[in-house]
2 protein chains.
Amino acid sequence: MSPHSTRKPDFSAYPRPSVAVDVALLTVHEGQLRVLLLPREEPDLGGAWALPGGFVRLDEDPDDAARRVLAAKAGLEGVFLEQLYTFGSPERDPRGHVISITYYALVDHRRFARLSPAVRHVVATLEVPWEGEAGGPVIARDPEGRVLSLAFDHAAILGMVVKRLRGKLDYAALGFQLLPRRFTLRELQTVHEVVLGRELNKDSFRRRMLASGLIEPTGELERDVLHRPAELYRISRQSAV
Amino acid sequence: MSPHSTRKPDFSAYPRPSVAVDVALLTVHEGQLRVLLLPREEPDLGGAWALPGGFVRLDEDPDDAARRVLAAKAGLEGVFLEQLYTFGSPERDPRGHVISITYYALVDHRRFARLSPAVRHVVATLEVPWEGEAGGPVIARDPEGRVLSLAFDHAAILGMVVKRLRGKLDYAALGFQLLPRRFTLRELQTVHEVVLGRELNKDSFRRRMLASGLIEPTGELERDVLHRPAELYRISRQSAV
DNA sequence: AAAATAGTGTCTATGAGACACTATAGT
DNA sequence: ACTATAGTGTCTCATAGACACTATTTT
């Protein structure tokens with residue numbers, strides 16, 4: 001169990017769990033949190049849906065493995081990606097002991113996984129059955145509103161993602177990651193409201209955001225709206241994550 | 001890389017990294033953050049000090065592995081233990097690719113690892129060279145003030161522990177874990193000040209703690225102090241972690 | 001002009017910090 | 001009585017929420 005003093009211990013001599021990464025790719029669109037799910041065809045898993053994932057290769061950094069999965073299964077590069085938690089219960093995968101290092105990725109809905117229709121996948125909406133940061137599993141629905149069965153502990157993982165987002169939203173530059181490079185304060189507020197699951201005070205939200213120094217005005221205005229156009233903002237230089 | 005549809009895939013056929021747990025056992029004593037370190041005798045590691053750790057066994061839950069390590073190497077059971085982060089860079093261990101799921105454990109200094117003097121170990125004090133939640137590695141010193149060389153990425157891990165503690169202290173029941181079951185508000189404030197690395201306002205701290213509902217008065221007073229004794233408090237029932 | 005949302009100014013409520021004061025143990 | 005810290009009351013200041021008002025675009 002404990003490393004010892006032979007010069008090059010052959011770690012592979014010990015039976016060991018496998019290590020995977022799973023990535024929750026999220027976006028906000030039409031007032032809803034959305035996540036990419038892929039089908040699992042294995043008979044043991046009963047046709048359930050799962051987060052994109054894959055095994056961590058020997059001598060591969062788990063962060064790189066997560067980026068590789070995102071590129072291979074969602075066609076995305078250069079998106080915001082952060083480690084969430086590591087799940088390792090021996091019972092979480094019926095096929096064997098797989099420890100999953102989980103990540104969440106945030107992206108503007110316009111860049112969200114543009115997968116060929118030939119690749120089976122679903123952009124599920126998330127329903128959060130708890131308030132604030134209480135925590136717990138969430139429910140995924142397909143675009144027609146049908147509840148989707150999630151493989152492994154992925155409902156719990158997604159619940160923890162939402163909990164983490166709610167906790168970090170206020171003090172970290174997270175909300176911007178779900179928007180295009182230029183956005184209005186109203187769009188940013190809507191993103192915050194969707195993630196937090198509650199309405200926010202407009203005046204106070206504006207003041208907090210402007211005072212935070214995380215964003216700066218561009219001087220440009222939005223176009224083609226049926227009302228007074230709002231100014232476009234961007235992430236300010238020093239707050240680049 | 002991706003799981004496929006054979007009924008019982010032999011995961012062990014793929015070369016894979018090993019998985020370990022490392023546990024930062026912390027306490028607060030005499031105005032300082034302290035951590036248990038054990039010596040690494042391997043020639044590759046140059047006699048550096050390290051967090052207690054061990055490999056995760058096949059079909060063992062990583063949480064259980066962390067508890068096992070804590071019991072075996074610090075003689076402690078039933079302490080507060082929480083997962084921190086998973087470090088998996090292939091370069092972090094010169095002997096091979098070891099992914100480390102790291103934990104932190106908090107305990108009252110009177111219960112802190114009572115190891116036999118025959119077991120080589122050191123209770124190091126932590127020096128945090130940054131303010132607030134800026135983050136970064138920390139410096140460990142032995143009781144005589146000498147800087148200790150830390151193995152692997154353990155200086156960075158300890159830095160992340162401190163950062164996490166500072167972030168969670170205000171809204172989670174963490175500070176109590178570093179104190180005996182009954183404590184005065186002044187003791188609790190000192191613990192917060194040591195973790196946060198800055199002084200706190202007494203009046204405001206008292207008000208916040210009492211208003212939080214996390215603690216309740218016991219009616220008892222401390223004894224054998226050279227001044228007016230303070231009331232003893234305990235964690236309130238509903239806030240049990 | 002009407003509709004709809006952007007954006008501003010001001011009042012109020014709440015909570016943190018500052019400070020002064022009183023209370024009570026041991027010596 | 002003296003010392004040191006516990007604990008309380010009150011004032012001030014900063015910030016969030018509420019609300020009223022003005023501004024500016026498209027139709």
Side-chain angles (χ1 to χ4, degrees), chain A residues 30-31 131-133 166-172 175-176 179-180 182-234 236, chain B residues 30-31 131-133 166-172 175-176 179-180 182-234 236:
Chain A
E30 292 171 346
E131 305 228 325
E133 294 181 52
R166 287 184 176 180
K168 288 194 80 168
L169 201 55
D170 262 345
Y171 71 92
F176 322 124
L179 290 170
R182 311 201 157 192
F183 51 86
T184 68
L185 286 175
R186 191 68 189 84
E187 290 173 321
L188 183 59
Q189 182 175 345
T190 299
V191 162
H192 278 235
E193 288 175 338
V194 170
V195 171
L196 294 175
R198 64 187 174 89
E199 299 201 339
L200 295 173
N201 181 278
K202 170 182 136 188
D203 316 56
S204 160
F205 182 80
R206 291 179 61 86
R207 266 179 307 198
R208 271 195 298 126
M209 282 303 134
L210 296 175
S212 75
L214 292 175
I215 60 176
E216 61 188 18
T218 63
E220 294 172 62
L221 300 179
E222 62 180 338
R223 290 151 174 269
D224 301 321
V225 287
L226 332 159
H227 50 76
R228 174 176 174 181
E231 184 163 8
L232 293 170
Y233 288 77
R234 64 173 162 237
S236 65
Chain B
E30 292 171 346
E131 306 229 324
E133 293 180 53
R166 288 184 176 181
K168 287 195 79 168
L169 201 55
D170 262 345
Y171 72 94
F176 323 124
L179 290 171
R182 312 204 155 191
F183 51 86
T184 68
L185 286 175
R186 190 69 188 85
E187 290 173 320
L188 184 59
Q189 182 175 345
T190 299
V191 162
H192 278 235
E193 289 176 338
V194 170
V195 171
L196 294 174
R198 63 187 174 88
E199 300 201 339
L200 295 173
N201 180 278
K202 171 181 133 189
D203 317 55
S204 161
F205 182 80
R206 292 180 61 86
R207 265 179 308 196
R208 271 196 297 126
M209 283 303 135
L210 294 175
S212 75
L214 292 175
I215 61 175
E216 62 188 18
T218 64
E220 293 172 62
L221 299 179
E222 62 181 339
R223 288 151 175 272
D224 302 320
V225 287
L226 332 158
H227 51 77
R228 173 174 173 182
E231 184 162 9
L232 293 170
Y233 288 77
R234 63 173 162 238
S236 64

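The shown structure was predicted, so the numbers you read here are calculated from the model rather than taken from an experiment. Computed from heavy atoms alone, side chains included, the values below leave out hydrogens, waters and symmetry copies. Proteins get letters first, then strands, A, B, ... in listed order; numbering begins at 1 in each.
Following rounding to the nearest Å, B:Glu231 (CD) and C:dA23 (C1') show an atom-to-atom distance of 14 Å. Between the P atom of C:dT8 and the CE atom of A:Met209 lies a distance of 16 Å, rounded to the nearest Å. Taking atom CG on A:Leu210 and atom C1' on D:dA16, their separation rounds to 15 Å, with Å as the unit. Straight-line distance from the NZ atom of B:Lys202 to the C1' atom of D:dG9: 13 Å, rounded to whole Å. Following rounding to the nearest Å, A:Arg206 (CZ) and D:dT15 (P) show an atom-to-atom distance of 18 Å.
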Polar-atom pairs under 3.5 Å, protein N or O versus N or O of nucleotides 25-27 of chain D: list them with distances, or write none.
{"unit_1": "D:dT25", "atom_1": "O2", "unit_2": "A:Arg228", "atom_2": "N", "d": "3.3"}

Pick out the pairs of N or O atoms, protein on one side and nucleotides 13-17 of chain C on the other, that lie under 3.5 Å.
{"unit_1": "C:dG17", "atom_1": "OP2", "unit_2": "B:Ser204", "atom_2": "OG", "d": "2.4"}
{"unit_1": "C:dG17", "atom_1": "N7", "unit_2": "B:Arg207", "atom_2": "NH2", "d": "2.7"}
{"unit_1": "C:dG17", "atom_1": "O6", "unit_2": "B:Arg207", "atom_2": "NH1", "d": "3.3"}

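Of the residues in residues 184-193 of chain B, those lying under 4.0 Å from DNA chain D by heavy-atom distance are B:Arg186.
For the ring pair (Phe, Tyr, Trp, His ring centres under 6.0 Å) condition, the pairs that include at least one residue of residues 198-230 of chain A, sequence neighbours left out, are A:His192-A:Phe205.
Remark: side-chain polar atoms of B:Glu231 are paired, donor with acceptor, to backbone N or O of B:Gly219 under 3.5 angstrom. Of the possible polar contacts, none joining the A:Thr218 side chain to the A:Tyr233 backbone as a donor-acceptor pair under 3.5 Å is found.
By the ring pair (Phe, Tyr, Trp, His ring centres under 6.0 Å) test, B:Phe183 pairs with B:Phe176, sequence neighbours left out. By the side chain to side chain donor-acceptor pair (under 3.5 Å) test, A:Glu187 pairs with no residue at all, sequence neighbours left out.
Side-chain contact, A:Arg186 with A:Thr190: a donor N or O sits under 3.5 Å from an acceptor N or O.
For the atom pair CD1 of B:Ile215 and CG of B:Leu185, the computed distance is 5.0 Å after rounding to the nearest 0.5 Å. The CG atom of A:Leu188 sits 10.0 Å away from atom CD of A:Glu193, with the distance rounded to the nearest 0.5 Å.
Nearest approach of A:Val191 to A:Gly175, heavy atoms of both residues: CG1-O, 4.0 Å. In terms of heavy atoms, B:Gly213 sits closest to B:Ser236 at O-OG, 2.7 Å. When all heavy atoms of B:Pro229 and B:Val225 are compared, the pair lying nearest together is CA-CG2, 3.9 Å.
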